[in-house]
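The basis for the numbers below is simple: all heavy atoms, side chains too, and nothing from hydrogens, waters or symmetry mates. A note on names: the letters A, B, ... follow the listed sequences, proteins ahead of strands, and every chain is numbered from 1.
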Amino acid sequence: MVNLGFSIGDLHFKNPVLTASGTFGYGPEFDDFLDVSRLGGIVVKGTTLEPREGNLYPRMAETPSGMLNAVGLQNKGIDYFEKNIYPSISGYDTNIIVNINGSYVDDYVTLAERINTLDKIPAVELNISCPNVKMGGMAFGTNLDSAREVTRAVRAAYSKILIVKLSPNVTNIVDFAKVVEEEGADSISLINTILGMSIDVEKMRPALSTITGGLSGPAIKPVALRMVWQVAKAVKIPVIGMGGIMTTSDALEFLLAGASAVQIGTASFIDPQASIKILEGIEKYLIEKGFSEIKEIVGYINRTK
Amino acid sequence: MVNLGFSIGDLHFKNPVLTASGTFGYGPEFDDFLDVSRLGGIVVKGTTLEPREGNLYPRMAETPSGMLNAVGLQNKGIDYFEKNIYPSISGYDTNIIVNINGSYVDDYVTLAERINTLDKIPAVELNISCPNVKMGGMAFGTNLDSAREVTRAVRAAYSKILIVKLSPNVTNIVDFAKVVEEEGADSISLINTILGMSIDVEKMRPALSTITGGLSGPAIKPVALRMVWQVAKAVKIPVIGMGGIMTTSDALEFLLAGASAVQIGTASFIDPQASIKILEGIEKYLIEKGFSEIKEIVGYINRTK
Amino acid sequence: MAKRIEDLKIIENKRLNNDFFVLELSANDKLPVFKPGQFVQVRVDGSPKTFLRRPISIHDVDYGRNTFKLLIQITGKGTKTLSKLSNGDFLNLIYPLGNSFGLPDKNEKILLVGGGCGVAPLLFLGKYLKSNGYVPDILFGFRNSERIIELEEYLEIGKVFLTTEDGSRGEKGYITSHSIFSNGTYDKIYCCGPDSMMRAIAGYCKKNNIACEVSLENLMACGIGACLCCIVDTVNGNLCTCIDGPVFNITELKW
Amino acid sequence: MAKRIEDLKIIENKRLNNDFFVLELSANDKLPVFKPGQFVQVRVDGSPKTFLRRPISIHDVDYGRNTFKLLIQITGKGTKTLSKLSNGDFLNLIYPLGNSFGLPDKNEKILLVGGGCGVAPLLFLGKYLKSNGYVPDILFGFRNSERIIELEEYLEIGKVFLTTEDGSRGEKGYITSHSIFSNGTYDKIYCCGPDSMMRAIAGYCKKNNIACEVSLENLMACGIGACLCCIVDTVNGNLCTCIDGPVFNITELKW
Ligand SMILES: Cc1cc2nc3c(=O)[nH]c(=O)nc-3n(C[C@H](O)[C@H](O)[C@H](O)COP(=O)(O)OP(=O)(O)OC[C@H]3O[C@@H](n4cnc5c(N)ncnc54)[C@H](O)[C@@H]3O)c2cc1C
Ligand SMILES: Cc1cc2nc3c(=O)[nH]c(=O)nc-3n(C[C@H](O)[C@H](O)[C@H](O)COP(=O)(O)OP(=O)(O)OC[C@H]3O[C@@H](n4cnc5c(N)ncnc54)[C@H](O)[C@@H]3O)c2cc1C
Ligand SMILES: Cc1cc2nc3c(=O)[nH]c(=O)nc-3n(C[C@H](O)[C@H](O)[C@H](O)COP(=O)(O)O)c2cc1C
Ligand SMILES: Cc1cc2nc3c(=O)[nH]c(=O)nc-3n(C[C@H](O)[C@H](O)[C@H](O)COP(=O)(O)O)c2cc1C
Ligand code: FES
Ligand code: FES
């Protein structure tokens, strides 16, 4: 048997396969397809203080080996989450992480404080990288000072595990990684979607109601992998990699590049069982290659010549 | 008959389909497949002052709907170009544009001066966006001050049409577009490749000798299109769009978003006749939609609600 | 009803005309009981242009043979690829998905309206209604006579009326201008087809106080309520077409 | 010789064993005269994982029937897709590409060495040599007997020697340890196969002063000298495998 476990701070994960925010609902959506408790963790839908309706339809466009989305953080707000959703998912035997979003620093802080009180939520993922909202979101993740400010404020207010999710829409991702590490983040997750666009040539108009949206799926994998590799070399805290992971081999690329764990996003739309298949595939790979612990392959390419 | 022509400054192009630097050789490589003179223009291989061997093998990796390359500006230098290549291609009845590259500002200036003397080269494309060289290249294209400095210096030394090719690896592409416009560029072309990476999971090592490389092909199209749209709205000079254009429909997306012309890159590897097919397709589209001039569709989506 | 993901065997791929074909799929395990209006998410393998699954309605079910059918219109790359599948090939499906059409009240006079690929779910619905004692009228609209599909099975359900845009068969014009609407008085209309058609029918129903359910064809990524891409603006806020629909009563919609 | 891009019809797809198959392709226009060692760039349609063309050597030519063959080893997604093509399907090719093997001097004793899919170009080369009056020996290496392809056609060219890694047929071990190398004295060796094998053969040739040409299998994007991805470091600087090769005399290489 191989040891797939890893830790962020004092939080143990039984394996390195998590699901990405906004692509796995709250978990129950997938109960028919897999045993959610087998996953290393699930990052639930982007949550805000107040309920949000998100952007207008159409919110999605297919692109070569990828998709654009412009959901815009539709969710019922933290009150509803606490009262209606939290009770129904806190039975999962896995780490449930809430992805938090705000328009102002205070929003993030209040959300983190609220979630601090929820026993079964051991971590938050600070989303400073949503490209689909007018205020907040990516604005925090593409400006070093804002990234610093929001991370610092949440860290001061929140005592459990703090993961900060970075935006790929920046010149130098390492600068952002270092800033959030300095401000006390326990882990960094990346990448969120890349800002993209699509036009319906027959109708001569943008495919999305918002014109631009976030690109995800295999198309972005090479960019995501490069950023994860850059960040993992530059920080000491664990890095969670994502972006276009569809197969075991994709997930292994991220681990070999230095990610301690991966998140499965868009893949779950195409194969709701993708996360579990990847988990099984990683275990098989380790056995075949003769490793006994997942950490032996984390950052492997940086250790050899 | 529809009018496909457009102009950059006083330079007329008979149609808006050009080929992208580094993907079409110098032209003769494609003589067996198409009549190069039918194209709106060809941008020849990245050229430097001195001959360069480029990076070590392997320089290429296939990715989902795309490819990574790490050629690193292999070329025989400007002397060889002037003596051996220029005479053999100056018979093409199309605009031949030289893509120039350097490690220092002076390199760019000297190259531009040299090319200023070549009658049959009406324009240069200033490549400040090559991700595959250690010095120069993308370093100029990801720093506003450097972008300004190199554009200003070349503009002062070079009197013909100056196109500046931007890097997509920045937080805010519009800032760069405005700077080079201010410094007197006649046109902006974008995007160059996006920095990416790939790992051979079986061999447990990076797929490229340089670890990272430039991502091109359909995978990057949504990102390229978004940037072209952003830039075209922000500047007054003509914009040349590229990034993942494989079909007529792809090219039309860029034109509708605001590009005055397009460059065909990676597509020429898969179908050496792609550029001509796209040219024919654009003409057909204009006729079917009842337009008589290409400029009627340039930026169309910005004119309607 | 639990959703499943499964490779189903194609036992027939029948081309109806240039635009339409019917796939008959055979399941290994016993089929669940489908409800009319439900759909499946089809994985079109192979092409970079068909990255996401494609939602397709359940067209007909044969519990005896443990098979069901999809009626598909070729509209793009994905449906084109599907049209080339051969008997014996396997197709990966997530199913059954979505809510369903509601039964009408007793003795109501019913009309089924379908345009283009919107006719697909109406066969299953029609058979279901018939087995529950209703005899609905059926109205289909097609671009021209070449696109009309075989109508035999529908004729067993009720009277069938047609429009074609070019008048090559049935009444000429759009479906919404068919004389049936000025003559007939229906108590309930079930409708599936292009957005513009459904909106027109919904408008007519509202004006004439006719109950109406429509089956929406919004763009979908996941089909299982996870992505929130398929939303429709309703009186209860944004709902998901894939789990709260695809069938909506027009009183819910902000049309 | 002008390069062309053309849809060629598959007139036979013959499976040799688990790993290898042969496609026979028929051209509409009269085939150009191919040179042994040349290759084609195949467009594998459909999958996002086979974005680029795949380089495949010309395995055999039949000018009379205006057809030629490709011998392909299934090594990944692209070759797997190709293996499933049926008679009558079309395949888009750019061809003919690359330089060619050089004729040996008169009366030289020749050995052809092939490993894995490296055997592909050697049939065409062998036939060419034979038609020019040479009787080469042939040495092939395979992983095990199950992977060995049919050898009849090669036996008509010259003596055939075999190694398998597990000793299930021919001599046991790697190709480079075959006894032929200690017994035979060749004047020229033509070699195609995995990099490590070609390097070992090249080393042997250098030590023993034997002329040697190898056909490289570098990764290619364009195949026509436009992308500069396929380079090999030679005494004359970086050359392109696709236009300056794929055949190189080992004296040119920095091995
Ligand atoms: C609940 C539901 C049931 C449906 N039932 C049927 C049916 O029974 N028969 C049938 O022929 N069609 C049906 N459709 C429409 C069908 O899904 C689309 O025609 C199909 O997805 C087009 O795919 P394509 O690759 O051929 O076209 P492309 O134009 O290449 O598709 C491009 C993108 O747009 C999406 N798309 C395009 N049109 C639609 C559409 N109308 N609805 C949803 N997504 C679309 C595709 O999924 C893809 O992401 C249904 C749609 C929905 C939502
Ligand atoms: C000049 C030349 C002649 C060749 N002749 C033959 C032949 O006659 N028969 C045969 O079976 N094979 C031949 N090969 C090798 C063949 O091109 C590869 O096996 C094939 O490209 C693998 O594709 P895939 O999609 O199945 O594998 P994948 O591993 O899925 O391919 C992934 C990527 O790697 C590339 N690639 C992988 N292996 C090679 C390789 N060895 N050479 C070049 N590119 C590679 C693919 O093109 C693709 O970009 C030749 C290669 C070259 C360069
Ligand atoms: C439909 C959709 C909704 C998403 N919503 C969120 C979100 O609410 N919060 C967040 O941090 N990321 C969100 N993401 C981004 C993903 O979590 C992930 O970072 C991104 O999709 C890249 O991974 P992938 O290519 O594996 O999907 C969303 C992505 C998609 C496709
Ligand atoms: C193999 C290769 C070599 C390239 N060399 C150059 C170069 O020398 N100079 C340059 O400005 N861009 C170079 N590019 C970038 C292309 O010109 C183009 O900007 C990029 O590939 C995006 O377009 P595409 O997706 O259509 O290929 C190169 C791209 C490739 C794939
Ligand atoms: S399609 Fe994903 S929520 Fe409906
Ligand atoms: S493969 Fe492009 S230059 Fe050789």
For F101(D) together with Y128(D), are the ring centres under 6.0 Å from each other? no

Step through the shown structure and confirm whether more than 12 heavy atoms of other residues, nucleotides or ligands are within 6.0 Å of CD on E146(D). no

Quick check: are there more than 12 heavy atoms from other residues, nucleotides or ligands sitting under 6.0 Å from NZ of K254(D)? yes

Check each atom of [X] against the heavy atoms of chain D and say whether the ones under 4.5 Å are side chain, backbone, both or neither.
X      : value
Y57(B) : both
F30(B) : side chain
D31(B) : neither

Option from R53(D), R54(D), K77(D) for which salt bridge (charged side-chain N to carboxylate O under 4.0 Å, His left out) with E62(B) holds: R54(D)

Less than 4.5 Å to any heavy atom of chain B: does that hold for the side chain of [X], its backbone, both, or neither?
X       : result
N92(D)  : neither
D233(D) : neither
I94(D)  : side chain

Closest-packed option against chain B by number of heavy-atom pairs under 4.5 Å, given V232(D), I243(D), I224(D): I224(D)

Could you check which of A221(D), A226(D), G223(D) has the highest count of heavy-atom pairs closer than 4.5 Å to chain B? A226(D)

Could you check which of G217(B), A219(B), P58(B), P272(B) has the highest count of heavy-atom pairs closer than 4.5 Å to chain D? P272(B)

Does the E53(B) side chain pair with the main chain of N238(D), one donor and one acceptor, at a distance under 3.5 Å? yes

Examine the side chains of S21(B) and E125(B) and answer whether a donor and an acceptor come within less than 3.5 Å of each other. no

Charged N-O contact under 4.0 Å between K83(B) and D79(B): no

